[in-house]
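So that the names make sense, note that chain A is the first sequence line, chain B the second, and so on, each numbered from 1.
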Protein chains: 2
Amino acid sequence: MAEHAGVSVATVSKVLNDRHGVSAATVDRVRAVIAELGYESSLVARSLRNQRTNVIGILVWDIEPFSAELLKGAARAIRGTAYELVVYAGGGKGSGRVGWERRYLSRLSGTLIDGAVLVTPTVLDVDGGAPVVAVDPHSGRETVPTVDADNLQGGRLATEHLIGLGHRRIGFLGRPPRDLESGPLREEGYRSALADAGIPADPALVRVADYDENDARNTVRELLSLPDRPTAVFAANDMSAIATMEVAASMGLRVPEDLSVVGFDNVPESVMSEPALTTVEQPIQMMGRLAVEILLEMLAGREPAQRHVRLPTRLIPRASSAPPPGR
Amino acid sequence: MAEHAGVSVATVSKVLNDRHGVSAATVDRVRAVIAELGYESSLVARSLRNQRTNVIGILVWDIEPFSAELLKGAARAIRGTAYELVVYAGGGKGSGRVGWERRYLSRLSGTLIDGAVLVTPTVLDVDGGAPVVAVDPHSGRETVPTVDADNLQGGRLATEHLIGLGHRRIGFLGRPPRDLESGPLREEGYRSALADAGIPADPALVRVADYDENDARNTVRELLSLPDRPTAVFAANDMSAIATMEVAASMGLRVPEDLSVVGFDNVPESVMSEPALTTVEQPIQMMGRLAVEILLEMLAGREPAQRHVRLPTRLIPRASSAPPPGR
DNA sequence: CTGAAAGCGCTAACAG
DNA sequence: CTGTTAGCGCTTTCAG
């Protein structure tokens, strides 16, 4: 910012921050120059000096469909507030992935951001001064406020839907338990719904595949090749769900006449590739929105109403589920 | 960063930046402390001191479906590079909307980011030192490299599709011309396709509505209430398209038996609300990806292969378009 | 009412 | 090999 207005930096700073003690004439002159040059003070330098920046950080490992969806909700929550949004996607340039949230936070907090939303963090023992909210944390809830989807209820929802249609042999496709907390919870929902309906769980119908297209397809093929194959499948993540639809088609099984399928979306885009798929949907945007709202509460020095929000999922019935053959 | 390791800040800095002139023992000790604390140097302080930050900024007015989609493409382009991504959504806290890109740039460039992608900027006379690429600029291309969708070709595509099905009375729903450059271009595509097919353009069939749900619906109702009403409508933005589907249904018109509809998506989500809609689709992710790739070229000191990229749109045929009644 | 000077966390140049 | 020092752009005392 050159001294186009013929005053000192200090004076400009005062004008920018609406400090009193500057003559009206000077204010006008400086304002004019500012407007003309489209100038704004460097966020970086300012935040190095000041405590507050009025900027909220959303820290993500990467921007993919899930986090992008979440960002929309976060942006909505911030509209009408005095805060600005900075999304930081480090993409793991530094060391490995584990503990990324702590490194990113260390990189941004104290300066640049007043608080942060951590999206799908691996660990939660963050302590750095700034307020933090975690969305969909891998490991359980700790002291940090969290927002997540009710995966247990979601698993139950999918399974009850199929049971309600008359299915009794219902397959389950999950992920290896190490991955996230959400996988086992969906399976537990499946099991508890079966139990409630008095249907014994058949271990042969419960399968696990890695997050890999081929692996998912092979697993589905095995499941559907069983002598007493299931009449319905609850595919508890989008990759499994898509694989199920494809493999069923390739095996000449009609959906839903021969096989009903219910998916569980991590990603809203799944609808585009499989518009017919009945799915359990997570309120991803709402998760982002709530996370920011909680963070704003904390920044305002208030205790948030809830420290751990668990949002219900919703079942969207589409063409891929119907009563079993012979009903 | 406390001096847990019992050395000076300078030494830590050297270790962090892999500078030579530090004993192996010291390096190890410092590294251990860094790893333990999950420390990373403050992006802010570092970027204030250094010229390069290895961070690319994506400057958006707000995060909504269009920009969120674009971010996915940008994130993909950045994977595997040494750059990190910062998305800045100012949301217009400062002054009004016009010229926001210049203010944001002034706020971030020079410090924090090495270069920026401006998403849907209003003006382009940005000059600030850092390299900049504009995506979908409102006003025409200037010196700044740009990436946009070929709205002219898209408008033609939609219209040719309907003509090919046998329609001759094709309505057009657009926006007031002031808004963006893209609106008039879609209309021009519509007109030129009609002209090429030797169909005279009927001014009564060309309507304009603001970006407002009610206004859009009223306009559609007028159009469909015409004595000699169109057998097809090209709704050149998502709001018009959705309004057309709804109003047609409310008027007892079956789509596509009585009326064919083709939309033009600004937003991939439209599919979810109207899965049956035939649409012209913009390659939004690709736009984000290319913008970042061009920026990376510039940052590497190379002249990008193309300074103005215009990507073709694609027609996705769905159930809402069919030959006109009586064919 | 205005300007000069210190210091935010960091890195580069230099001295020890 | 290590520590000390200056200064990045800004805001905030504190003198003029």
Side-chain angles (χ1 to χ4, degrees), chain A residues 1-31 33-34 37-55 57 84 94 103-114 128-130, chain B residues 1-31 33-34 37-55 57 84 94 103-114 128-130:
Chain A
M1 176 60 168
E3 305 315 327
H4 267 82
V7 291
S8 76
V9 268
T11 308
V12 174
S13 175
K14 280 170 200 157
V15 173
L16 280 172
N17 296 287
D18 294 322
R19 290 276 169 283
H20 39 254
V22 187
S23 75
T26 313
V27 171
D28 286 349
R29 199 146 39 89
V30 174
R31 283 255 165 78
V33 175
I34 288 172
L37 298 179
Y39 172 84
E40 283 202 26
S41 64
S42 157
L43 180 59
V44 163
R46 168 178 287 202
S47 71
L48 190 58
R49 195 67 177 70
N50 289 3
Q51 214 53 33
R52 283 298 268 241
T53 59
N54 274 4
V55 174
E84 302 177 334
R103 294 201 311 274
Y104 287 14
L105 211 48
S106 153
R107 209 158 152 63
L108 300 191
S109 88
T111 50
L112 196 57
I113 59 175
D114 292 344
Chain B
M1 174 60 167
E3 305 313 325
H4 268 82
V7 291
S8 76
V9 268
T11 308
V12 174
S13 175
K14 280 171 200 158
V15 172
L16 280 171
N17 296 286
D18 294 322
R19 290 274 169 287
H20 38 254
V22 187
S23 75
T26 313
V27 170
D28 287 350
R29 199 148 37 89
V30 175
R31 283 254 164 80
V33 175
I34 288 172
L37 298 180
Y39 173 83
E40 283 202 26
S41 64
S42 158
L43 180 58
V44 164
R46 168 177 286 204
S47 70
L48 191 57
R49 195 68 178 70
N50 288 2
Q51 215 53 33
R52 282 298 267 240
T53 59
N54 274 2
V55 173
E84 301 178 334
R103 294 200 311 273
Y104 288 13
L105 211 48
S106 154
R107 209 156 152 65
L108 299 191
S109 89
T111 50
L112 196 58
I113 59 176
D114 292 342

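In this structure, the side chains of Val15(A) and Arg29(A) stay at 4.5 Å or more apart for every pair of heavy atoms. Looking at Leu112(A) and Thr53(A), their side chains never come closer than 4.5 Å, going by heavy atoms from C-beta outward.
A straight line from CD1 of Ile34(A) to P of dC10(D) spans 11 Å, rounded to a whole angstrom. A straight line from CG of Leu43(B) to P of dT11(C) spans 11 Å, rounded to a whole angstrom. Between the NZ atom of Lys14(A) and the P atom of dA4(C) there is a distance of 11 Å, rounded to whole Å. Between Arg107(A) atom CZ and dG9(C) atom P there is a gap of 16 Å when expressed in whole angstrom units. Whole-Å rounding puts the Glu40(A) CD to dG9(D) C1' distance at 15 Å. Atom pair Leu48(B):CG and dT11(D):P shows a separation of 12 Å (rounding to whole Å applied). For the pair Gln51(B) CD and dG9(D) C1', the computed distance is 12 Å after rounding to whole Å.
Between dT11(C) and Asn17(B), a contact under 4.0 Å exists linking OP1 or OP2 to a side-chain N or O. Proximity of Thr11(B) to the phosphate of dG3(D): a side-chain N or O atom is located under 4.0 Å from OP1 or OP2. In terms of phosphate contacts, Tyr39(B) brings a side-chain nitrogen or oxygen within less than 4.0 Å of OP1 or OP2 of dC10(C). The phosphate of dC10(D) (OP1 or OP2) has no side-chain N or O of Ser42(A) nearer than 4.0 angstrom. Between Arg46(A) and dT11(D) there is a side-chain N or O to OP1 or OP2 distance below 4.0 Å.
The side chain of Asn50(B) sits closest to dT11(C) out of dT11(C), dG3(C), dC10(D). Checked against dC8(C), dT11(C), dC10(D), the side chain of Ser13(B) finds its nearest nucleotide in dT11(C). Of the candidate nucleotides dG3(D), dT12(D), dG9(C), dT12(D) has the atom nearest to the side chain of Arg19(A). Comparing dT4(D), dT2(D), dA5(C) against the side chain of Ala10(A) picks out dA5(C) as the nearest.
Here the CG atom belonging to Asp28(B) is positioned 8.5 Å from the OG atom belonging to Ser23(B), to the nearest 0.5 angstrom. Here OG of Ser106(B) is found 10.5 Å from CG of Leu43(A). Values are rounded to the nearest 0.5 Å.
Between Ser23(B) and Leu16(A), the residue anchored closer to the 5' end of DNA chain D is Ser23(B), taking for each the nucleotide with the nearest heavy atom. The residue among Arg49(A) and Val27(B) whose nearest nucleotide of DNA chain D lies closer to the 5′ end is Val27(B).
Contact annotation for Ser47(A): no contact, since no heavy-atom pair falls under 4.0 Å across all strands.
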The test is side chain to side chain contact (heavy atoms under 4.5 Å, CB included); show your working for Ser42(A) and Arg107(B) and say whether it passes. CA-CA 4 Å; Ser42(A) 157; Arg107(B) 209 156 152 65; over 6 Å; no
